[in-house]
2 protein chains.
Amino acid sequence: MSDNPDPRQNHLLDALPPAERERLLPHLELVAMPLGQAVSESGMHMRHVYFPTTCIISLLYVMEDGSSAEIAVVGNEGIVGVSLFMGGETTTSRAVVQSAGHAYRLKGQLLKDAFLRAGPMQRLLLRYTQALLTQMSQTAVCNRHHRLDQQLCRWLLLSLDRLPSNDLTMTQELIANMLGVRREGVTEAAGDLQRAGLIRYNRGKITVLDRAGLEARVCECYQVVKTEFDRLLPAQHIL
Amino acid sequence: MSDNPDPRQNHLLDALPPAERERLLPHLELVAMPLGQAVSESGMHMRHVYFPTTCIISLLYVMEDGSSAEIAVVGNEGIVGVSLFMGGETTTSRAVVQSAGHAYRLKGQLLKDAFLRAGPMQRLLLRYTQALLTQMSQTAVCNRHHRLDQQLCRWLLLSLDRLPSNDLTMTQELIANMLGVRREGVTEAAGDLQRAGLIRYNRGKITVLDRAGLEARVCECYQVVKTEFDRLLPAQHIL
DNA sequence: TCTGGTCTGTACGCTACTGTACAAAGGCCA
DNA sequence: TGGCCTTTGTACAGTAGCGTACAGACCAGA
């Protein structure tokens with residue numbers, strides 16, 4: 001995959017049959033996604049859907065008291081805005097850029113039209129939505145049963161899978177917001193990982209040094225989600 | 001709604017236009033759903049989908065070590081088996097009867113056919129699936145941030161909304177499995193609710209005495225889920 | 001009427017967090 | 001170079017829930 005922007009860096013767009021992709025191509029607009037930008041707000045109609053290529057979007061729920069929790073994460077394997085084709089138009093969650101980069105956006109109505117053509121696009125979007133369901137389920141399970149250090153490993157691995165390099169730009173404060181825990185808890189867990197030689201970090205830059213080491217520490221949740229994504233959205237789609 | 005079994009006790013079936021419902025009616029089979037029965041297993045293909053009328057089904061994830069956590073709950077407002085029309089065929093979760101009663105079942109292929117006709121049935125099922133997404137999200141949030149006693153209130157209210165009476169047949173042990181906590185924790189939280197006069201229970205029978213009292217104690221999660229279900233699946237569907 | 005099983009209550013030390021407070025270190029800009 | 005802000009580290013008491021243990025209450029069946 002080249003560094004030049006290309007819609008096919010997004011796996012959903014890449015998996016479309018050429019004819020379908022050609023139809024969308026003129027309407028896809030490359031946009032920069034700066035860290036922290038809110039792509040959609042809870043309960044608000046979305047004008048566009050987003051196909052990330054090099055950015056990562058977090059879906060998070062913000063509580064009345066302001067605390068938050070990440071529900072799921074969307075990178076170049078997916079799309080932000082499933083509620084448009086699911087029929088609800090809005091969601092209770094908020095979508096924010098967790099890792100800066102780019103995405104292609106498409107007018108909501110055009111996506112709905114494509115969905116309603118009931119072809120490969122529809123099948124693809126529904127399978128992706130099921131994968132998203134699994135990710136949300138597993139977030140619920142992980143929040144219930146697993147320790148912070150394991151959740152941090154899961155979070156790092158899920159992010160890593162959606163980025164081209166081993167570097168994340170991400171302060172501990174932001175990670176804490178995503179996981180819905182105290183910043184100090186992240187400091188401690190990340191310190192352990194650093195002392196174990198699995199990661200290195202420095203003022204908002206995290207480098208994963210030993211991916212296998214993270215996989216050895218992570219809870220089963222990570223593998224469940226990854227396996228399900230691979231099953232539902234294989235590299236070569238048979239639509 | 002009469003006590004006689006009627007497919008229209010299930011809100012999804014009730015919301016279909018008459019023509020569509022007539023088409024499905026001959027294929028709907030009323031089945032008894034005894035407490036504890038597994039409707040579907042993680043990773044296994046489902047022969048049928050289920051439209052509960054008087055039973056409640058829990059979707060739960062069972063971990064490698066045997067502990068479990070409820071992801072979502074399905075009653076007469078929904079359907080068990082969304083993975084069939086979403087295209088994945090299987091799920092990572094398990095579906096078990098949490099409250100005995102009845103359901104109508106339908107051969108999986110017939111549901112897929114109905115879905116692919118791309119009419120009201122498809123729109124309805126997709127809106128329901130979005131509501132399910134919200135419920136799962138909120139389970140994740142609640143597991144992260146709220147105390148056991150609030151989660152118990154949420155669980156009781158969600159169950160109550162799916163049953164015709166104020167009585168649940170449910171031991172504390174089972175509730176603990178659903179919530180993914182210790183049985184003793186449920187004993188304590190339920191004891192508090194009983195002392196406050198909100199519920200009465202006795203060896204597997206729980207009676208809700210003061211629903212408003214529960215609503216006063218519950219966290220915001222319950223209301224978020226309920227509002228979203230009402231929004232996506234109103235009593236009179238405009239399809 | 002006795003017995004065994006299921007369900008509920010209570011207690012105790014332990015762990016993983018929380019809330020709070022403050023200090024130190026790194027980077028940016030005047 | 002100095003000063004400020006952001007980011008990270010550490011500490012400490014408080015709390016919710018865990019693992020474990022055990023006892024009492026209730027029910028069904030012999």
Side-chain angles (χ1 to χ4, degrees), chain A residues 35-36 63 65-69 98 140-156 167-196 198-207 217-219, chain B residues 35-36 63 65-70 98 140-156 167-196 198-207 217-219 221:
Chain A
L35 179 63
M63 301 207 305
D65 70 358
S67 56
S68 59
Q98 176 211 101
V141 171
C142 204
N143 283 353
R144 163 85 334 185
H145 288 290
H146 297 136
R147 286 193 318 275
L148 172 48
D149 59 320
Q150 295 191 296
Q151 294 188 39
L152 178 60
C153 289
R154 171 177 64 90
W155 191 89
L156 288 171
D167 298 310
L168 318 183
T169 300
M170 174 67 44
T171 64
Q172 299 181 354
E173 176 84 40
L174 284 176
I175 297 179
N177 288 155
M178 300 295 168
L179 295 180
V181 297
R182 279 184 325 150
R183 193 270 309 161
E184 290 85 342
V186 175
T187 299
E188 204 163 333
D192 287 347
L193 295 181
Q194 174 151 257
R195 280 185 287 280
L198 305 183
I199 64 172
R200 184 164 23 117
Y201 63 85
N202 184 274
R203 296 183 71 73
K205 301 275 176 196
I206 303 180
T207 304
R217 288 202 176 208
V218 75
C219 50
Chain B
L35 179 64
M63 300 207 306
D65 70 359
S67 56
S68 59
E70 189 178 80
Q98 175 209 100
V141 171
C142 204
N143 283 352
R144 163 86 328 180
H145 287 290
H146 297 136
R147 288 193 317 277
L148 172 49
D149 58 319
Q150 295 190 296
Q151 295 188 38
L152 178 59
C153 289
R154 172 177 63 89
W155 191 90
L156 287 171
D167 298 308
L168 317 184
T169 301
M170 176 64 48
T171 64
Q172 298 181 353
E173 176 83 44
L174 284 176
I175 297 178
N177 288 155
M178 300 296 169
L179 296 180
V181 298
R182 281 183 322 151
R183 193 269 311 162
E184 290 85 342
V186 174
T187 299
E188 206 165 334
D192 287 348
L193 294 181
Q194 173 150 262
R195 280 185 286 279
L198 305 183
I199 64 172
R200 186 166 20 118
Y201 63 82
N202 183 273
R203 294 182 72 73
K205 300 280 176 192
I206 304 180
T207 304
R217 290 204 174 203
V218 76
C219 51
C221 298

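Per chain, numbering begins at 1; letters A, B, ... match sequence-line order.
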Item to complete: May I have the distance from B/Glu173 (atom CD) to D/dA25 (atom C1'), rounded to whole angstrom?
Response: 17 Å
Worksheet item: For B/Thr187, which contact category applies under a 4.0 Å heavy-atom criterion: base, sugar-phosphate, or nothing?
Response: base
Worksheet item: Can you check the A/Ile175 CD1 to D/dT8 C1' distance for me, whole Å?
Response: 12 Å
Item to complete: Specify the residue among A/Val181 and B/Lys205 whose closest nucleotide of DNA chain C lies further upstream toward the 5′ end.
Response: B/Lys205
Discussion item. Quiz question: going by heavy-atom distance under 3.5 Å, is there a donor-acceptor pair between the base of D/dA21 and the side chain of B/Glu184?
Written reply: yes
Discussion item. On the nucleotide C/dG9, are OP1 or OP2 found under 4.0 Å from the side-chain N or O atoms that B/Gln172 carries?
Written reply: yes
Worksheet entry | A/Glu184 atom CD, neighbour heavy-atom count above 12 within 6.0 Å | yes
Discussion item. Could you tell me how far apart B/His145 (NE2) and C/dG19 (C1') are, to the nearest whole angstrom?
Written reply: 15 Å
Worksheet entry | A/Leu198 side chain reached by A/Leu156 side chain, heavy atoms, under 4.5 Å | no
Worksheet item: Ignoring hydrogens and angles, are the base of C/dT6 and the side chain of B/Arg203 linked by a donor-acceptor pair under 3.5 Å?
Response: yes
Worksheet item: To the nearest angstrom, how far is B/Leu35 atom CG from C/dC7 atom P?
Response: 10 Å
Worksheet item: Going by modelled atom types, is there a donor-acceptor pair between the base of D/dG19 and the side chain of B/Arg183 at under 3.5 Å?
Response: no
Worksheet item: Does A/Arg144 or A/Arg195 map to a spot on DNA chain D nearer the 5' end, using the closest nucleotide for each?
Response: A/Arg195
Worksheet entry | Beyond-backbone contact of A/Leu193 with A/Asp149, side-chain heavy atoms, under 4.5 angstrom | no
Discussion item. Taking 4.0 Å as the cut-off, does a side-chain nitrogen or oxygen of A/Tyr201 come that near to OP1 or OP2 on D/dG9?
Written reply: yes
Item to complete: Mark yes or no for a side-chain to base donor-acceptor pair under 3.5 Å between B/Arg147 and D/dG17, with no hydrogen or angle criteria applied.
Response: no
Discussion item. Without decimals, in angstroms, what is the distance between B/Gln194 CD and C/dG9 P?
Written reply: 7 Å
Worksheet item: Taking CG from B/Asp192 and P from C/dT8, how many angstroms apart are they, rounded to a whole number?
Response: 16 Å
Discussion item. Within the 4.0 Å heavy-atom criterion, would you say A/Glu188 contacts the bases, only the backbone, or no part of the nucleic acid?
Written reply: nothing
Worksheet item: How long is the gap from CG on B/Asn143 to NE2 on A/His145, to the nearest 0.5 Å?
Response: 8.0 Å
Fill in: Of A/Arg182 and A/Asn202, the one whose closest DNA chain D nucleotide lies more 5'
A/Asn202
Practice prompt. Starting from P on C/dT18, measure out to CG on A/Asn177 and report it in whole angstrom.
Written response: 12 Å
Discussion item. Just the rounded figure in Å: distance from C1' of D/dA16 to CG of B/Leu152.
Written reply: 15 Å
Worksheet item: At under 4.0 Å between heavy atoms, what does B/Gly204 touch on the DNA or RNA strands: base, sugar-phosphate, or nothing?
Response: sugar-phosphate
Fill in: Worked verdict on A/Leu168 versus A/Trp155 for side chain to side chain contact (heavy atoms under 4.5 Å, CB included)
CA-CA 11 Å; A/Leu168 318 183; A/Trp155 191 89; 4.1 Å; yes
